[in-house]
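Numbering of residues begins at 1 and proceeds along the displayed sequence. Just follow the structure's listing: the first ligand is 1, and inside any ligand the first atom is 1. These numbers were taken from a predicted model, which means no experiment stands behind them. Below, all heavy atoms of this structure are taken into account, side chains as well, without hydrogens, waters or symmetry copies.
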Amino acid sequence: MSDVPFDTVIVGAGTAGCVLANRLSADPAHRVCLVEAGPEDRSPLIHIPAGILGTIPRRGVNWAFETEPQPGLGGRRGYQPRGRTLGGSSSINAMIYMRGHRSDYDDWAALGNPGWAYEDVLPLFRKSEDQQRGADAFHGSGGELTVADLASPAAASRAFVESAVRAGLAPNADFNGASQDGAGLYQVTQRQGRRCSAAVAFLRPVLARPNLTVLTGRHATRVAIADGRAAGIEVAGPGGTARIDAAREVILSAGTFGSPQLLLLSGIGPREELARHGIDRRHELPGVGANLADHIDLALVYRSEDSSLMGITPRTALRAFKGYFEWRDRGTGILTTNFAEAGAFLRTRPGLARPDVQLHFVVGLVDDHARRLHYGYGVSCHVAVLRPASRGSVGLRSANPREAPRIDPGFLGQSEDLATLAAGVVRAREIMGGAPLAPHCGAELFTEGQGEAALVAQIRRRADTIYHPVGTCRMGTDAAAVVDAQLRVRGIEGLSVVDASVMPTLVGGNTNAPTVMIAEKAALLRAA
Ligand SMILES: Cc1cc2nc3c(=O)[nH]c(=O)nc-3n(C[C@H](O)[C@H](O)[C@H](O)COP(=O)(O)OP(=O)(O)OC[C@H]3O[C@@H](n4cnc5c(N)ncnc54)[C@H](O)[C@@H]3O)c2cc1C
């Protein structure tokens, strides 16, 4: 056995890192070390689904990044929550289980990534899944990741689906099945009413493996490179700085913002960016940090008189208190809500080959990522552009690894995204104004008046991410690609990136399940 203590060192115990740690350590001869900057996932706010109201708006188990001022958003800075704990963003996300459109993966393959077409990746989605409705051609059972129907969806969520169907959308009971179009209740990554994060699903069950070491509270600061090969990583932790060596491979799974930041800090990236921060260039790779894509979103917000919703009221506080015992004893009730309980995929124009807008119906009044709270009850409808043309970038603010990366999503840089978002809002308003929703949905807040100019003004004043940044370490074969189709960093031996950052294009849907799939694929390629 080699003197080096680990074969593989994985940086980041988020969605991808937890899947990789499980799969790679399944071979008892493979010594794996998983390194996470954040703490263990002990906070009850992680495991009680409604706890996202506490984790998404603030720092703690969340990096709570701010973006550069966005010209497309009237010069505002956007907000980018990201998980900072075991499970990463899967410990603070809204738990919606969604794979995107099958054509998204065919697009990846067509862009020069063999092995990533829908027919190739479907078995991997099925492998990790434990679908509570049972297995079928699209779904797996017996996998680690529990996918369930919501335990106690609100009446308002069912009314949203009914209203969408009356507005002409098809009812869809399975967005991950034969067709994505239409409206329905979302399925969630929950097990008996508790969050089934990547840590709960993939990491906890294998923590006792002697060949798996998990280190929390260790912030990776650099990849150590010797003779064109990744030898290990440097970390800052409770005992100061340390080095962790890898005999075989260093895998960066630090996410769409963390992985390109680490490559840049290690001297791998565009020449000018490295020079600007005085970092020694180890390998020029112009695409590192480029190609950032994210779902731009506008939340329409409505007042409501429906006191069965979650509101900032004494009644809700009392129900939540009682709901805690129901959640603890039976895994049902008000605290099992993921808030974004229902949704829809729609096409804003005739002639489109697939949906271009996703709606998330939320059983609460969402203003500024729940960072601004309003007394009373409300509902919201998020409208997101599924395949934005705009691209942004991730870079460094300085060479200090503890400083947050520079994040510029470039939102609405391309005018077609604004047009799609505006068209989606028109459809969403039609649904929200439908008769089935009347008992749950009152006056709209934040409107700027009638007409297109008013709508554009509202978008510029209020739109922001719906939390799906990808693409900053894009896979491909061209000069700007960062990793190849095996997810190995081009030009450096023994270094890979495995997380949402490798997606060549943004999928038309939420990004957690696709990231699980990416890690499944990476593990399979390494076992071969
Ligand atoms: C608020 C929110 C809601 C969302 N809702 C949904 C949803 O409902 N459904 C869905 O499908 N997707 C959702 N997503 C998106 C989804 O969760 C992410 O796409 C997915 O988790 C990304 O996985 P990842 O492995 O790329 O990164 P992450 O899961 O973010 O993991 C990266 C990990 O690396 C660690 N790390 C970073 N830098 C370092 C460093 N230098 N050293 C050590 N560790 C480091 C981080 O702390 C983190 O644990 C949501 C995301 C957020 C933030």
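- Looking only at protein heavy atoms, the nearest one to atom 37 (C) of ligand 1 is A254 O, 3.4 Å.
- Side-chain contact, R195 with N93: a donor N or O sits under 3.5 Å from an acceptor N or O.
- Using the six-membered ring where Trp is involved, F345 and Y186 have ring planes that are perpendicular, over 60° apart on the 30 and 60° scheme.
- Under 4.0 Å from ligand 1, heavy atoms of N510 appear from its side chain as well as its backbone.
- When only interatomic distances are considered, the shortest N/O to N/O separation between T256 and ligand 1 does not fall below 3.5 Å.
- Summary of contacts: the protein heavy atom closest to atom 26 (O) of ligand 1 is A500 N, 3.0 Å.
- The minimum heavy-atom distance linking A201 with C196 is given by the pair CB-SG, 3.7 Å.
- Contact annotation for I52 and ligand 1: no heavy atom of the residue comes within less than 4.0 Å of the ligand.
- Closest to atom 4 (C) of ligand 1, if we only count protein heavy atoms, is N93 CB, 3.1 Å.
- No side-chain N or O of D297 forms a donor-acceptor pair with one of H360 less than 3.5 Å apart.
- Salt-bridge check for R397 with E403: failed, with every basic side-chain N at 4.0 Å or more from each acidic carboxylate O.
- Residue R218 places a heavy atom under 4.0 Å from ligand 1.
- For the pair E144/V516, no side-chain contact is recorded, criterion being any heavy-atom separation below 4.5 Å from C-beta on.
- Atoms of ligand 1 found under 4.0 Å from any heavy atom of A37, numbered from 1 in the order shown, are 42 (N), 43 (C), 44 (N), 45 (C).
- Distances from ligand 1 to the non-hydrogen atoms of V188 include no value under 4.0 Å.
- Inclusion of G255 in the set of residues having an N or O under 3.5 Å from an N or O of ligand 1 is not warranted.
- Shown in contact with G88 at under 4.0 Å from a heavy atom are these atoms of ligand 1, numbered in order with element: 29 (O), 48 (C), 49 (O).
- The heavy atom nearest to atom 32 (C) of ligand 1, out of those in A199, S91, S253, P405, is found in S253.
- Those atoms of ligand 1 with a heavy atom of A94 less than 4.0 angstrom away are 3 (C), 4 (C), 5 (N), 6 (C), 7 (C), 8 (O).
- Relative orientation of the F160 and F361 rings is parallel, given thresholds of 30° and 60° on the angle between their planes.
- The shortest heavy-atom distance from W63 to ligand 1 is under 4.0 Å.
- Under the side-chain hydrogen bond (donor to acceptor under 3.5 Å, both in side chains) rule, T8 has a single partner from R248, E249, H30, which is H30.
- Considering only non-hydrogen protein atoms, atom 20 (C) of ligand 1 sits nearest to T15 OG1, 3.6 Å.
- The S90 neighbourhood of ligand 1 comprises atoms 21 (O), with distances under 4.0 Å to a heavy atom of that residue.
- Taken from CZ in F125 to CE in M517, the straight-line distance is 4.0 Å, to the nearest 0.5 Å.
- Annotation for R99 and F138: closest pair NH1-O, 2.8 Å, computed over non-hydrogen atoms.
- Atom numbering of ligand 1 starts at 1 in the shown order; those under 4.0 Å from a heavy atom of I92 are 1 (C).
- Between D41 and H47, the shortest heavy-atom distance links the atoms O-NE2, 2.7 Å.
- Remark: minimum distance from atom 35 (C) of ligand 1 to any protein heavy atom is reached at E36 OE1, 3.3 Å.
- The shortest contact between atom 8 (O) of ligand 1 and any protein heavy atom is with I96 N, 2.9 Å.
- Of all the heavy atoms in G494 and A230, the pair that sits closest is O-CB, 3.5 Å.
- Within the structure, the closest approach of G17 to ligand 1 does not fall below 4.0 Å when heavy atoms are considered.
- The shortest heavy-atom distance from M98 to ligand 1 is not under 4.0 Å.
- Close approach to H219 involves these atoms of ligand 1, each under 4.0 Å from a residue heavy atom: 41 (N), 42 (N).
- Atom numbering of ligand 1 starts at 1 in the shown order; those under 4.0 Å from a heavy atom of G83 are 46 (C), 47 (O), 48 (C), 49 (O).
- Heavy-atom contacts of T511 reach the following atoms of ligand 1: 10 (C), 11 (O), 12 (N), 15 (C), 16 (C), 18 (C), 19 (O) (cutoff under 4.0 Å).
- A donor-acceptor contact closer than 3.5 angstrom links the side chains of Q187 and Q131.
- A ring pair (Phe, Tyr, Trp, His ring centres under 6.0 Å) with H369 holds for exactly one of F339, F65, Y79; it is Y79.
- Between L274 and L264 the shortest side-chain heavy-atom distance falls below 4.5 Å.
- When only non-hydrogen protein atoms are considered, atom 11 (O) of ligand 1 lies nearest to N512 N, 2.7 Å.
- Among all non-hydrogen protein atoms, the one lying nearest atom 40 (C) of ligand 1 is A220 N, 3.7 Å.
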